[in-house]
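The block underneath contains the structure these notes are about, expressed in structure tokens.
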Amino acid sequence: MKNSIKPDVVRILDSYLEMNNHRKTPERYAILNAIYSMGGHFTLDELGEILNKKYKFMVSRATLYNTLNLFMELRLVIRHRFQGTTKYEACYDNNSHSHQMCTVCGKVTEVKSPEITEAVEQLHLKRFRKDGFTLYIYGICSTCQAKLTRQMKKKKTTKNGKNNE
């Protein structure tokens, strides 16, 4: 877990559990620690695998799912739906950001753009308080673009009757 925010996220979880008379289970804290130790996006299965392999902590799929729902409610985790895949991300210290998503291979990369952040901050909305934003920019990554270009060149040379070696 990032040292600077560890006390904050643990305090948020502690307060919620105490105020709602829920148990402070080791599973919840292990999952929170794993999430805030990871970088980037993760699936439910990836989180379970990390808990099992790195932390030697076995939790059921149902426990992971329910805990992630709790963390989303507490705004400690955000859920993304990327091209048929559900991924999660720690968001306590990163509420506003953009993603570029390749529509060919599905690769997702975070984009830092002060201009976008500034534009959203300056946006005035009626009867609505902004807490943060997530922007998805769809396109084709350079790796996939290079592959597509090679395929197109190969097809052209084949159509023209030339050897494609």
Side-chain angles (χ1 to χ4, degrees), residues 1-6 8-9 12 30-57 59 61 63-125 128-165:
M1 201 179 289
K2 296 176 185 175
N3 288 334
S4 61
I5 62 170
K6 182 179 180 177
D8 294 336
V9 295
I12 290 168
I31 293 168
L32 186 67
N33 185 45
I35 289 170
Y36 276 85
S37 296
M38 298 167 68
H41 308 95
F42 58 91
T43 63
L44 197 68
D45 292 333
E46 290 167 344
L47 177 59
E49 198 172 299
I50 286 172
L51 282 163
N52 185 18
K53 289 182 179 176
K54 186 175 178 182
Y55 296 98
K56 307 294 185 221
F57 205 95
V59 292
R61 190 170 174 80
T63 298
L64 286 174
Y65 183 76
N66 292 331
T67 304
L68 284 172
N69 281 335
L70 169 64
F71 292 169
M72 285 188 295
E73 183 180 328
L74 297 176
R75 299 193 52 129
L76 299 175
V77 170
I78 189 167
R79 177 177 50 211
H80 301 282
R81 299 249 162 77
F82 296 137
Q83 293 183 312
T85 303
T86 299
K87 293 201 174 196
Y88 300 87
E89 176 181 27
C91 68
Y92 178 72
D93 62 339
N94 192 18
N95 279 338
S96 301
H97 60 286
S98 305
H99 299 90
Q100 60 185 26
M101 298 173 46
C102 180
T103 55
V104 176
C105 69
K107 181 179 178 184
V108 178
T109 309
E110 294 225 1
V111 177
K112 302 289 184 201
S113 175
E115 298 87 0
I116 293 172
T117 303
E118 178 68 24
V120 173
E121 286 174 0
Q122 296 302 317
L123 183 64
H124 295 286
L125 301 169
F128 187 80
R129 182 190 65 144
K130 297 178 297 220
D131 290 332
F133 74 90
T134 301
L135 173 68
Y136 303 105
I137 304 167
Y138 298 94
I140 301 174
C141 70
S142 59
T143 304
C144 289
Q145 187 62 53
K147 286 179 187 175
L148 291 171
T149 301
R150 284 193 301 274
Q151 288 173 354
M152 294 298 283
K153 285 181 181 178
K154 197 177 208 179
K155 282 182 184 179
K156 268 187 177 177
T157 56
T158 304
K159 276 186 178 179
N160 293 334
K162 296 179 182 177
N163 189 354
N164 59 356
E165 290 179 7

Should we say atom NZ of Lys130 is surrounded by more than 12 heavy atoms from elsewhere, each under 6.0 Å from it? yes
Determine the minimum heavy-atom distance between Phe42 and Ala90, stating which atoms define it. CE2-N, 4.3 Å
Side-chain heavy atoms of Thr117 within contact of His97, under 4.5 Å: no
At what distance, to the nearest 0.5 angstrom, does CD of Gln100 lie from OG1 of Thr109? 4.5 Å
To the nearest 0.5 angstrom, please state how far the OG1 atom of Thr103 sits from the OH atom of Tyr138. 10.0 Å
Quick one: OG1 on Thr134 to NE2 on His99, what's the gap to the nearest 0.5 Å? 6.0 Å
Any idea which heavy atoms bring Ala34 and Met38 closest together, and the distance? O-CG, 3.0 Å
Could you check whether any side-chain heavy atom of His41 comes within less than 4.5 Å of a side-chain heavy atom of Glu110, counting everything from C-beta outward? yes
For the residue pair His80 and Tyr136, does the interplanar ring angle fall in the parallel (under 30°), tilted (30 to 60°) or perpendicular (over 60°) class? perpendicular
If you round to the nearest 0.5 Å, how far is CG of Leu123 from CZ of Phe133? 10.5 Å
Rounded to the nearest 0.5 Å, what separates atom CG in Leu44 from atom CZ in Arg79? 11.0 Å
Beyond-backbone contact of Leu47 with Leu68, side-chain heavy atoms, under 4.5 angstrom: yes
In the structure I gave you, are the side-chain heavy atoms of Asn33 and Tyr55 within less than 4.5 Å of one another anywhere? yes
Pairs touching residues 139-151 that satisfy side chain to side chain donor-acceptor pair (under 3.5 Å), sequence neighbours left out: none
Could you tell me if the side chain of Phe71 sits less than 4.5 Å from the side chain of Ile35, heavy atoms only? yes
On a heavy-atom basis, which atom in Cys141 and which in Cys102 lie closest, and how many Å separate them? N-SG, 3.4 Å
Is it true that a side-chain atom of Thr63 and a backbone atom of Val59 form a donor plus acceptor pair closer than 3.5 Å? no
Donor-acceptor check, side chain of Thr85 to backbone of Arg81, threshold 3.5 angstrom: yes or no? no
Given 3.5 Å as the limit, does a donor-acceptor pair link the side chain of Tyr36 with the main chain of Leu76, or not? yes
Starting at CG of Asn69, measure out to CG of Leu64 and round the result to the nearest 0.5 Å. 11.0 Å
Could you tell me whether the side chain of Tyr92 reaches within less than 4.5 Å of the side chain of Asp8, counting heavy atoms only? yes
